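First comes the structure, then the notes that go with it.
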2 protein chains.
Amino acid sequence: MNFSLDDIQQKFRGCGLKSTPQRTAIYQALVHSTAHPTAEDLFAQVLPTYPMLSLNTVYYTLGVLRTAGLVQEVNIGHDRARFDANLSPHHHVICLGCQTILDVMDPKLNRLTSPSGLPKDFEITQYQVAFRGYCGPCRQSKASNTASSSGKRPISQ
Amino acid sequence: MNFSLDDIQQKFRGCGLKSTPQRTAIYQALVHSTAHPTAEDLFAQVLPTYPMLSLNTVYYTLGVLRTAGLVQEVNIGHDRARFDANLSPHHHVICLGCQTILDVMDPKLNRLTSPSGLPKDFEITQYQVAFRGYCGPCRQSKASNTASSSGKRPISQ
DNA sequence: TTGATAAATAGGAATGATTACTAAAAAGGA
DNA sequence: TCCTTTTTAGTAATCATTCCTATTTATCAA
Ligand SMILES: [Mn+2]
Ligand SMILES: [Mn+2]
Ligand SMILES: [Zn+2]
Ligand SMILES: [Zn+2]
């Protein structure tokens, strides 16, 4: 999970992408994160090092990396896109209170059989399991504080 | 799956919700759909019957129904919220080409064991499997027409 | 090393789904 | 019926994301 700058440059070149300082910094920030950050999260993280960085560039970069297959988008709701540089097959646990996303690497989940009742011309390319619930802190604030929400509104599904 | 107007009124009253023509029409449209429509889809569908209907009311109504537990939000991406009145545990197949969402009722998928490696204070309340791939028509247009996208409008209703 | 070329960047403007605000209408209960 | 609370509809605001475009930069070939 730890790449040198040369590794990253190699990886970019291998995909036909130019290697730029901004792009490298954005990708590196994502690789080092386990929080499935938003574009704005990454922007804020890289900005101190590149004060001229544009949020637009972060979106553009993430789009390019996604097209190149170096990054995947994780959708926990329709509100904001969250990104993941972890390409190994894995699944997610989402806290409905604080929107935290945790990785689930359980190998049992990677052997699900194709679902029954599908149109036979439908080709499944991947699947992902989203577990939802409440993390420890959010369970507490739910129990103690019934009425007032703890700030962020939960997503549903 | 087929409710009379009285059934719906009963259901609303049972949740402490007022029964209004607009609300009934919106809910009925959703119940009769298997397409997981957007708020705007439902708006368009109900508008001919209630020409003064506001899209705002559709959003408000869906929010109320979701809070009451009569409707769930299905997130296939971060772009637009899609809704589902099917509350029985089921999963989804999503076409990456045309954004169509199909229901998957495979009972095998409702017996997944809790994933390993979770913080022990995390409480899972539900989970959902999202299969992704390409439907028959989209596989064809992908094969024949590499460059031009076939338009990414979901097939509604 | 240099120059050509295509890609990347930054900034500003635009888009579009959703929410906020609010006055008027309507539903449900007494 | 009358009262209270929701609901509705219209408009404006918000905010994530995309579009547009001039400038800069990385890469490659001469
Ligand atoms: Mn992940
Ligand atoms: Mn469904
Ligand atoms: Zn939490
Ligand atoms: Zn399709």
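This one's a predicted model, so the numbers in the text were calculated from it and none came from an experiment. Reckoned from all heavy atoms, side chains included, excluding hydrogens, waters and symmetry mates.
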OP1 or OP2 of C:dG29 under 4.0 Å from side-chain N/O of B:R13 | yes
How would you label the contact of B:T20 with the nucleic acid (heavy atoms, under 4.0 Å): base, sugar-phosphate, or nothing?
-> sugar-phosphate
Value in whole Å for how far the C1' atom of D:dT18 lies from CD of A:E73 | 13 Å
For A:L53 and C:dT9, give me the distance from atom CG to atom P, rounded to whole Å.
-> 9 Å
Rounded interatomic separation in angstrom, taking CG from A:N56 and C1' from D:dC15 = 15 Å
Determine whether the aromatic ring centres of B:F12 and B:Y27 lie less than 6.0 Å apart.
-> yes
B:L17 atom CG is separated from D:dT8 atom P, nearest whole Å, by 10 Å
Counting any heavy atom closer than 4.0 Å, what does A:P21 reach on the DNA or RNA strands: base, sugar-phosphate only, or nothing?
-> sugar-phosphate
Atom CG of B:L62 and atom C1' of D:dT8: how far apart are they, to the nearest Å?
-> 14 Å
Measure the distance from CD1 on A:I76 to P on D:dA16 and round it to the nearest whole Å.
-> 14 Å
Classify the nucleic acid contact of A:T38 as base, sugar-phosphate or nothing, counting any heavy atom under 4.0 Å across all strands shown.
-> nothing
Would you kindly give the CD-to-P distance between B:Q22 and D:dT8, to the nearest whole Å?
-> 5 Å
Which is true for B:A81 with a 4.0 Å heavy-atom rule: it touches a base, it touches only sugar-phosphate, or it touches nothing?
-> sugar-phosphate
Euclidean distance, atom CG of residue B:L55 to atom C1' of D:dT11 [Å, nearest integer] = 13 Å
Phosphate contact (C:dA8 OP1 or OP2) by A:R23 side-chain N/O below 4.0 Å | yes
